[in-house]
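Working notes, structure below.
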Amino acid sequence: QVQLVESGGGLVQAGGSLRLSCAVSGRTFSRYPMGWFRQVPGKEREFVAYISWSGGFTDYADSVKGRFTISQNNAKNLVYLQMNSLKPEDTSVYYCAATTSLRFVTAIRDYPYWGQGTQVTVSS
């Protein structure tokens, strides 16, 4: 079993930055590629960013490419999402998730492990 706990959300003005953290515990951290997703009420949860288990491959949704950066610290069992140049449309609950697939995947169904989410609100 894998436990995920997000932190770092909050209220920020448009153009500002936030860094989200995801603490991973349970089974061996380095075996799980990780993703960040986000969801607003009434909409489906959407893929934001992905990092392979080695950290050597990352990918992003087009809407955040160039503004968000996913990274990990294996020694501390942490995954980060650095969010810069934030826009009001980035307002959402952000979730980290772990996948058991060794392929690059973005579908929710491919991620069996989820955190509880952290709220990010960007004011205009």
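Residue pairs meeting the ring pair (Phe, Tyr, Trp, His ring centres under 6.0 Å) criterion with at least one member in residues 74-100: none, sequence neighbours excluded. Applying the disulfide (SG to SG under 2.5 Å) test to residues at least two apart or on different chains, none of the pairs has a partner in residues 38-67. Annotation: disulfide (SG to SG under 2.5 Å) contacts involving residues 35-68, sequence neighbours excluded, are absent. Each salt bridge (charged side-chain N to carboxylate O under 4.0 Å, His left out) pair with one or both residues in residues 32-41, not counting sequence neighbours, appears once here: Arg38-Glu46, Arg38-Asp90. Pairs passing the disulfide (SG to SG under 2.5 Å) check and including a residue from residues 83-124, sequence neighbours excluded, read Cys22-Cys96.
The ring pair (Phe, Tyr, Trp, His ring centres under 6.0 Å) check on Phe47 picks up Phe37, with sequence neighbours excluded. Residues satisfying the side chain to side chain donor-acceptor pair (under 3.5 Å) test with Lys43, not counting sequence neighbours, are none. Contacts of Gln116 classified as side-chain contact (heavy atoms from CB on, under 4.5 Å), with partners at least two apart in sequence or in another chain: Val5, Glu6. Residues satisfying the ring pair (Phe, Tyr, Trp, His ring centres under 6.0 Å) test with Tyr113, not counting sequence neighbours, are Tyr32. Not counting sequence neighbours, the partners of Val12 by the side-chain contact (heavy atoms from CB on, under 4.5 Å) test are Leu18, Leu86, Val122. Applying the side-chain contact (heavy atoms from CB on, under 4.5 Å) criterion to Thr121, with sequence neighbours excluded, gives Leu11, Thr91, Gln119. In this structure Arg103 satisfies the side-chain contact (heavy atoms from CB on, under 4.5 Å) test together with Ser101, Val105, sequence neighbours excluded.
The heavy-atom pair separating Pro112 from Ala98 by the smallest distance is CD-O, 3.2 Å. The minimum heavy-atom distance between Leu81 and Ala49, with the atom names listed, is CD1-CB, 4.0 Å. The two residues Asp110 and Thr99 come nearest to each other via the heavy atoms O-OG1, 2.7 Å. Closest heavy-atom contact between Gly9 and Thr118: N-OG1, 3.2 Å. Of all non-hydrogen atoms in Ser124 and Pro88, the two that sit nearest each other are CB-CG, 3.8 Å.
Remark: side-chain polar atoms of Ser85 are not paired, donor with acceptor, to backbone N or O of Gly15 under 3.5 angstrom.
Checked against the 6.0 Å centroid threshold, Phe57 and Phe104 count as a close aromatic pair.
Taking CZ of Arg19 as the start and OG1 of Thr69 as the end, the distance is 11.5 Å to the nearest 0.5 Å. The line from CH2 of Trp53 to CG of Asn74 is 9.0 Å long, rounded to the nearest 0.5 Å. The distance from atom CZ of Arg45 to atom CH2 of Trp114, rounded to the nearest 0.5 Å, is 5.0 Å. Note: Arg67 CZ to Ser17 OG = 10.0 Å, rounded to the nearest 0.5 Å.
No continuous path of ILVMFWY side-chain contacts below 4.5 Å connects Tyr111 to Met34, so the two sit in separate hydrophobic clusters. No continuous path of hydrophobic side-chain contacts links Leu4 to Val93 [ILVMFWY only; heavy atoms under 4.5 Å]. Linking ILVMFWY residues whenever their side-chain heavy atoms come closer than 4.5 Å, directly or via other members, places Val120 and Val48 in the same cluster. Taking hydrophobic clusters as Ile, Leu, Val, Met, Phe, Trp and Tyr residues chained together by side-chain heavy-atom distances below 4.5 Å, Trp36 does not share a cluster with Tyr50. With hydrophobic clusters built from ILVMFWY side chains whose heavy atoms lie under 4.5 angstrom apart, Ile70 shares a cluster with Val24.
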